[in-house]
Structure formats: structure tokens, C-alpha cells
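Predicted, not measured: the structure shown is a model, and the values here were computed from it. Every chain is numbered from 1 and lettered A, B, ... according to where its sequence line falls, protein lines coming before strand lines.
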Protein chains: 2
Amino acid sequence: MTLHPQEIEARFRRQAVRVTRQRAAIYAALVETTSHPTAEDLYRMVTRQHPTMSRNTVYYTLGVLRKAGLLQEVNVGHEVARFDGNVTMHHHLVCVQCSRIEDVMDQELDRLEISARQARGFHVLGHRVEFHGYCVSCRAGRREASPSQG
Amino acid sequence: MTLHPQEIEARFRRQAVRVTRQRAAIYAALVETTSHPTAEDLYRMVTRQHPTMSRNTVYYTLGVLRKAGLLQEVNVGHEVARFDGNVTMHHHLVCVQCSRIEDVMDQELDRLEISARQARGFHVLGHRVEFHGYCVSCRAGRREASPSQG
DNA sequence: TACCTAGACAGGAATGATTCCTACATAGCA
DNA sequence: TGCTATGTAGGAATCATTCCTGTCTAGGTA
């Protein structure tokens, strides 16, 4: 999804986030991809247009935008943090081989609940379902390499 | 759950894992708690009885036991790795304030599936549901501090 | 039972994502 | 247009984890 600069600015102002060229560039890069990039990925994407931007700014900005609810952090396994410009409730498919992450929108999964007994006194705010498996390209690789393991 | 040394040894041998005092101590500490400890937590627990054990051995052993299917890594948010001696399928309640993790056993959650369309060609192996909220003690703290925010 | 050797252990160095620090720059308001 | 709180750049620091290397030992064998 490509976003007009005015739309980015509007979203920032709605959340009382100061508008700077760096922030707009980082947010635009994130919203324009569905690949759940890492901070380092975003740094590389953004420094093409803004060669002087520092990693620090990327980390700082990601923190600001997260607190403002303009992005969410997606953490899969014990890997580096990844970011998602889609802040609506959704779930993930994760490839156990290449770490690719794809979004799953499914209202049935959104409605999951647990009983009070199971909740152990927790005040539950939300939930997330993570499906693990092999993505299309890794399945293909495995089929060639070892047919019995797929 | 307290485990007899013989039972630990039996489990190791069943998975062709060499039996050493260090490994038995680490595994026993993990299985005896429900707190999903970090590697550092386990290091502290285990060095009480084995003061010369190195962190390296803890990390190495956790890797060995994970590959053998004797424990699983639980990763919540973008925090340090935590470990769980419960290797049966289960789900988690996570406190967004203090990071406490509690297990949820629920066969309905175990049976979740997604449609082929949603699966995007993934070969799904399993899934995990994570519920986020405030645990009992953090709810209590919040009630005192700011009644309208709970 | 003593010996052998692949694999395990200890401890220190290295790595790498993330955070901290600080001086300079700028968004947004008066 | 000027002021000031906040953002930015860049380098240093942090810290969980991994790597390296020289002993040590579990578990099989003679």
C-alpha cells in the first residue's frame, strides 16, 4: 500500500506525533511492504533516500510510532524484532525454515476466548495466534532435497 | 513437579542424550518450576549446587535438550529467551506489565485450524495462542494506582 | 577394570541487536 | 521570527548469546 505524504502527516498529527522527514520515510517504508522488516531492513530501505539517517533514529522512531499505535512489533521465536504497519487485529503464519511471516486475517480467530478458570485471574486484553510451518518456497526446497521429510 | 534422578536419566537415554551432572541439574531445575525461567535464571538456580558451572554450559545444555525435544523455548515479545519443561501442546497467558507467563491447557485451542486459502500454501505443523493482559498482582497494583485504567 | 575417544565443560573473547549519551538541528508554537 | 522542547547523528556502552580453545569425562571396548 502506497501512502500520500499528506495521509502520513495526518496520521502522525492525529496521534500527536511530530512530523519529520525521517519519520515519514520510515513509516512509509514500513506501510509499503508486507514483509515484516527488521529495524536493520528499514534502515537499509530508508538510507537509500536519506543516506545520513542513523540507525539510532530508526530505533527511536520505531519506538515513538509503536507507542503512538502506528505500528506493532511482531516477535517470532527468539529472533530480532520485526515490525508491522498493519495495526488491526490479525494473526501470523511463520515459516520455521526461512522465518518469512505472512498475515492471517480471520474473524473466527479474533473471537477466541478462554474460560475464567483458564484465565487464572488475568484481565485479558487480546490475543494472537501463530501458525508454524513451511512456506511455499521452503516446501519446494524440501521436496527436492528429502521427499520423505515434507 | 519433582523428578527422581532415575527418571531424568531415563528421559535422557530415551533421547540419546548423554547423562551428566550438569545436564541433570539444569533439567531438574527447569521441570521443578512453572515460571518459565531464562537461561540466566537457570544459571543462578543451578550454581547454588554447582558453583563452578559456567553460563556456557547452561546455554549449550538448553540447546541440546531443546533439539532432543526435552524442553521448549518460549518467546514473548522481544525479550530474552525463556524455557519451558512442559513439551505437550499448550498455550500461554502473558502479563504485559511484569512478563509473567502462565500455561493454558485447552483442547479447543489445540484444535484451531485455518482454511487452505488462509494458509497461503504453507504446510502448517502447529500453532500457539498467546493471550495478553494483566496478571492478578499487576491488576491489583493498577487498581490502587489508577482505577480508571484497569 | 583400565583405556579411548567423541562429546561435554569452563572460562574468556567475540558478536550483534539494541540502548545510552551528548552535542547539534529543527518542528511547531507564541 | 525567535524560542524551546523534542528529534537526530554518531559513537560508546550494554548485555544476551555464541564462538573458541584447552581440559575433562561418559560410556563403550578390549
Side-chain angles (χ1 to χ4, degrees), chain A residues 5-6 8-27 29 36-68 70-71 73-83 99, chain B residues 5-6 8-27 29 36-68 70-71 73-83 99:
Chain A
Q6 299 96 305
I8 293 177
E9 191 171 331
R11 291 191 187 181
F12 282 17
R13 293 200 192 282
R14 227 173 283 145
Q15 303 301 326
V17 168
R18 271 208 197 176
V19 182
T20 69
R21 274 174 297 125
Q22 289 90 334
R23 288 178 179 183
I26 292 165
Y27 183 69
H36 305 81
T38 65
E40 184 66 22
D41 293 336
L42 286 165
Y43 173 73
R44 278 198 294 265
M45 289 152 89
V46 165
T47 46
R48 279 183 220 136
Q49 302 296 326
H50 301 261
T52 67
M53 188 175 318
S54 78
R55 273 184 189 76
N56 194 13
T57 298
V58 175
Y59 279 104
Y60 181 72
T61 297
L62 289 170
V64 168
L65 299 182
R66 179 171 47 70
K67 282 175 206 144
L70 287 165
L71 59 78
E73 230 177 288
V74 184
N75 297 283
V76 166
H78 179 233
E79 297 185 351
V80 303
R82 298 175 65 167
F83 297 88
S99 295
Chain B
Q6 300 94 306
I8 293 177
E9 190 170 331
R11 291 190 187 181
F12 282 16
R13 292 199 192 283
R14 229 172 283 145
Q15 303 301 326
V17 168
R18 269 208 199 176
V19 182
T20 69
R21 275 172 297 124
Q22 291 91 332
R23 288 179 179 182
I26 292 165
Y27 183 70
H36 305 82
T38 65
E40 184 67 22
D41 292 336
L42 286 164
Y43 173 73
R44 279 197 295 265
M45 290 151 89
V46 165
T47 45
R48 279 182 220 137
Q49 302 296 326
H50 301 261
T52 66
M53 189 176 317
S54 76
R55 273 185 189 75
N56 194 12
T57 299
V58 175
Y59 279 103
Y60 180 71
T61 297
L62 290 171
V64 169
L65 298 182
R66 180 172 45 69
K67 281 175 207 146
L70 288 165
L71 60 78
E73 231 178 288
V74 182
N75 295 284
V76 166
H78 178 233
E79 297 186 350
V80 304
R82 299 176 63 167
F83 298 87
S99 296

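Under the 4.5 Å side-chain criterion, counting only non-hydrogen atoms from C-beta, B:Tyr43 is not in contact with B:Ile26. Taking 4.5 Å as the limit, every side-chain heavy atom of B:Val58 sits out of range of all side-chain heavy atoms of B:Val46.
With the nearest nucleotide of DNA chain D identified for both B:Val80 and B:Val19, B:Val80 has the one nearer the 5' end. Of the two residues contacting DNA chain D, namely B:Arg21 and B:Ala81, the nearest-nucleotide position lying further toward the 5' end is that of B:Ala81.
OP1 or OP2 of C:dC9 has at least one side-chain nitrogen or oxygen of B:Thr20 nearer than 4.0 Å. A sub-4.0 Å separation between OP1 or OP2 of C:dG12 and a side-chain N or O of B:Ser54 is absent. Contact annotation: A:Thr61 does not reach the phosphate of D:dG7 (side-chain N/O to OP1 or OP2, under 4.0 Å). When the side-chain nitrogen and oxygen atoms of A:Arg18 are compared with OP1 and OP2 of C:dT26, none of them lie within a distance under 4.0 Å.
To the nearest angstrom, P of C:dT18 lies 11 Å from CG of A:Asp41. Taking atom CD of residue B:Gln22 and atom P of nucleotide C:dG11, one finds them 11 Å apart after rounding to whole Å. As rounded to whole Å, 15 Å separates atom C1' of D:dG10 from atom OH of A:Tyr59. We find that CZ of A:Arg23 is positioned 11 Å from C1' of C:dT26, with the value rounded to whole Å. Note: OH (A:Tyr60) to C1' (D:dA5) measures 10 Å, nearest angstrom. Between the CZ atom of B:Phe12 and the C1' atom of C:dG7 there is a distance of 15 Å, rounded to whole Å. Across the protein-nucleic acid pair, A:Met53 atom CE and D:dT8 atom P stand 8 Å apart, rounded to whole Å. Put simply, CG on A:Asn56 is 14 Å from C1' on D:dT6, counting in whole angstrom units.
Nearest nucleotide to the side chain of B:Thr57, out of D:dA26, C:dC9, D:dA5: C:dC9. Set against C:dA10, D:dA26, D:dG27, the side chain of B:Arg13 has D:dG27 as its closest nucleotide.
A:Val64 comes within 4.0 angstrom of no nucleic acid atom, judged by non-hydrogen atoms across all strands. Within 4.0 Å (heavy atoms only), B:Thr38 reaches no atom of the nucleic acid at all.
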| task | Could you check A:Val76 against A:His36 for side-chain contact (heavy atoms from CB on, under 4.5 Å), going step by step and ending with a plain yes or no? | result | CA-CA 11 Å; A:Val76 166; A:His36 305 81; over 6 Å; no

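Environment of CZ in A:Arg21: sparse, with no more than 12 heavy atoms of neighbouring residues, nucleotides or ligands closer than 6.0 Å. The neighbour count for B:Gln49 CD, taken as heavy atoms of other residues, nucleotides or ligands under 6.0 Å away, does not exceed 12.
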